[in-house]
Number of protein chains: 2
Amino acid sequence: MQSTVTLRDVAQAAKVSIATASRALAGEGLTSRSTEARLRRIAAELGYRPNALARGLKTRTTRLVGLVVHNLTNASFRVLAEVVQRRLRAEGYQTILCITADDPEQEAEIIATLADQRVDGLIICPTGHNGARLAALDSNGTPVTCVVRRDEMVEMETVLAADPEGAYAGTRHLLELGHRRIGLIVGRRETTSGRERLSGYRRALEEAGIAFDPSLVHAGPYEPETGLAGCRQLLDRADRPTALFVANHESALGVLRGLAERDLLVPDDISLLCYEDMPGFAWQRPAISVVDSGATAMADLAADRLLQRLRPNAAPPAETAREYRIGARLIQRHSCRPVAP
Amino acid sequence: MQSTVTLRDVAQAAKVSIATASRALAGEGLTSRSTEARLRRIAAELGYRPNALARGLKTRTTRLVGLVVHNLTNASFRVLAEVVQRRLRAEGYQTILCITADDPEQEAEIIATLADQRVDGLIICPTGHNGARLAALDSNGTPVTCVVRRDEMVEMETVLAADPEGAYAGTRHLLELGHRRIGLIVGRRETTSGRERLSGYRRALEEAGIAFDPSLVHAGPYEPETGLAGCRQLLDRADRPTALFVANHESALGVLRGLAERDLLVPDDISLLCYEDMPGFAWQRPAISVVDSGATAMADLAADRLLQRLRPNAAPPAETAREYRIGARLIQRHSCRPVAP
DNA sequence: CTGTTAGCGCATTCAC
DNA sequence: GTGAATGCGCTAACAG
C-alpha cells in the first residue's frame, strides 16, 4: 500500500509550495534549474504520478481518444485498431476502443459516453445515423475523424478507401485477362463501400464495351454466408462466370467453401480476385490475388489527421471538412489466369 | 456550441441548490418525488451530462477498466476484446484497450498510464515480467484479473484455458483413431500454453504406452511461419507422421500451406487437428476438427470475475488469488480419420 | 427534504 | 523564482 502520493506530498518532502512543485515537474523552465532537478528526483523517489483526472478537470484535456468501430472481425477494423492505438500512444494518448455492432443506438450511447469522459478526439466508422451528434462534438472543439465509411448526413473530415477506383482496377485486371462474364459478390447498396465497388465494376465493364448484367451481381451482408450463397447462385448458371470478384471481404471464406463444394479449382477452372488483403490470402494455396484497399494507410492517415487537429496551435475550425482517399493497389498472386481461348 | 452545461446550470434553472440537483439526479430517493422529476426534466432539456472527470475525482471511481492484450490477430484476444468490451459496457464500464506486443517495457508503461487514469479495474494477459506492478495495483484496491497467461512471479486471480487437458483430449482423439506418429506443432516452452499443451500431449502418449519422440515436436513463435517450418520438418521424415496436431494456433495457416505444397490431402493422406477454434476452420474444406479452448467462456469468466470484485459491497481482499480453468472441448469435423490398417 | 461547506488533485493567476 | 489563493465540476458530510 503506497499509492496515492500526490503533488502535495512531493511539495512537502521538498519543502516548497505545491505550486512550485507543479511548475518544476512541468519542466518548462518556470523554476530554477536546481529546484527542478531536486523536485524531479524527489518525485521519482516517492513514485509520484500525476492524477490524470485532476489534471484533466483543470486543463480540459485528457489525452484520451475514442476509437469506434463496428467489430474486430473485419480485417480493416482490426488493422485500424492496432495502428491507431499504436500511433496515438506514441504521442501520449490512450485509446478507448468501442464497438457499435453497426447499431445506431449503441453508437449514440457510445458517443455520449465518450463525450462524458471528455475525450480529446474521436476516430469513428459511423453507422450514418448519428451524424448530428458527431458534428456537434466536432464543432464543440472535440475533433472527429471518420474512417472507412462516410456519414452522408453531415460534412466531416473523412478518410476513405478509393473503392470506386479499386473495384475498377480489379475488374479491369480480370477484363485484361480476357474474362467477359465476371461474377461480383459485393456489399449491400446501403453501404458506401457496397455502392462504390459496384460502380467501379460497372464502369470497367462499360469501358470495355460489355453490357452490365445484374444477374452476375450478388449483394449481401458482410458475412461468409453471403459468399457461399452468391457463389452457388453464380455457379448454377448455365453460362457460368469465368471469374469471381469477391468485393465483400467477409464473404471470401464462404466463396472458397462454395468453390470447393463444386470441386472447382482456382485458377484452372475459375479465376478468383478478392477485395481487401489479409494474411490468410497470401498463405492460401494458390495464393489469392487481391485489391488491397490500404487499411494500414487509412489507419495511419486517420491518426495523422486527428493528431494534427489535436495539436494545441493548429485548429482552423473547418475550412469545409475535407475528404481523403487512400488509393487501392492490385496485388497479383496466383488465383487469376487468362481465360482459355 | 452548447456543450459544457454543468450541474450548476441545471440547479440555477430549477432554482435549487447545486447539491439538491446532484441528489435529485442521483435518484436514490434523497429528494422529494416532485423535485426529482422536475430536475430530471430540466436536466434533459438543457442536455446536461455529468462530467466524468469531476465525478471521478470526487468519488474515486471512473467506471473505466483497462484491457491489455498482446495483439488483435490472435483469435482468443479478439474474442476477449469483443466480449469483455460488451460485457463491461452493459454494466456501465468503458474499456480502454491497450496492446503490448508482448513487450514487457510497453506493458510496464501501459500499466502505469492506466493507473494514472484511475481505472477501476484491469483485465490483462501478462507478459510475465511486470507481476510486481500488477500485484501492487491489485493490493491498492484496483482489482486485476489475468487471462490466457499466468504471471508466474506472483499470485493473482487468473482465468486460463485448460490447456493440459485440452491437449490431452486432442492427442487422445488422434490416438483412438489409431495414429501412432503424431506430429506436434506448439508454442515455445517459455509460454504457459506452450508448456502445458506439450505436457498434455506427452501424457496422452504415455498412457497409450507410446514413447515420446522429441523429434516429432516442433516448437516456435506464434506465427504462420512456424507452422510452415514445422510442417516441412515433420513431413520430410522417412516415417512421416500420420497426423498433425497444430497446437500453436497462429501456425495453422502455415501448416495448411505446407500440406498443400506437398500435395497432401486432408484427411486422406494425413489427419489434421488444430487448437483454438476460429471461423475459418469451420469454413475450410474439409472443415477442420479442433480442440476449442473456449475463448468466449474465458472472456466471460474474466469479465464476471472482475465485475464481481468491482461491486461496491464485495471485496474480501484476497483469500489467496484463485485460478480458474475453462474446459476445452473437442469439436469433430472432417479433418481427422482413422489410420489405414 | 434541502442548503451550506468542504474538499478530490492539480494548474494558474496574482502578488511578492 | 516562488508562495498564496482560486476554481475546474462534482459528491458527501453536516446542519437546519
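Residue numbers begin at 1 in each chain, while the letters A, B, ... track the order of the sequences.
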Asker: So that I can tick it off, tell me whether A:R322 and A:E157 are bridged by a salt bridge, with the cut-off set at under 4.0 angstrom between side-chain N and carboxylate O.
Answerer: no

Asker: Is any side-chain heavy atom of A:L64 closer than 4.5 Å to a side-chain heavy atom of A:T95?
Answerer: no

Asker: Between A:A135 and A:M156, which heavy-atom pair has the shortest distance, and what is it?
Answerer: N-CE, 4.0 Å

Asker: Strictly under 4.0 angstrom, non-hydrogen atoms only: write out the protein contact profile of nucleotides 8-16 of chain D, one letter per nucleotide from the 5' end, B, S or -.
Answerer: BBBBBB---

Asker: Looking at C:dG3, I'd like to know if its phosphate oxygens (OP1 or OP2) sit under 4.0 Å from a side-chain N or O belonging to B:S17.
Answerer: yes

Asker: Take a 6.0 Å sphere around CD of A:E323 and say whether it holds more than 12 heavy atoms from other residues, nucleotides or ligands.
Answerer: yes

Asker: Take the C1' atoms of the five end pairs on each side of the helix from C:dC1-D:dG16 to C:dC16-D:dG1, get both axes, and report the angle to 10 degrees.
Answerer: 40°

Asker: Could you check how far CD of A:Q12 sits from P of C:dG9, rounded to whole Å?
Answerer: 12 Å

Asker: Measure from the side-chain N and O atoms of B:S22 to the backbone N and O of B:I18, and report whether any donor-acceptor pair falls under 3.5 Å.
Answerer: no

Asker: Mind checking whether B:V144 and B:I124 have side chains closer than 4.5 Å, heavy atoms only?
Answerer: yes

Asker: If you look only at pairs with a residue in residues 79-95 of chain A, which of them pass as a salt bridge (charged side-chain N to carboxylate O under 4.0 Å, His left out), with sequence neighbours excluded?
Answerer: A:R87-A:D300, A:R87-A:D304, A:R89-B:E109, A:E91-A:R311

Asker: If every non-hydrogen atom of B:L134 is compared with every non-hydrogen atom of B:P126, which pair is closest and at what distance?
Answerer: CD1-CB, 4.2 Å

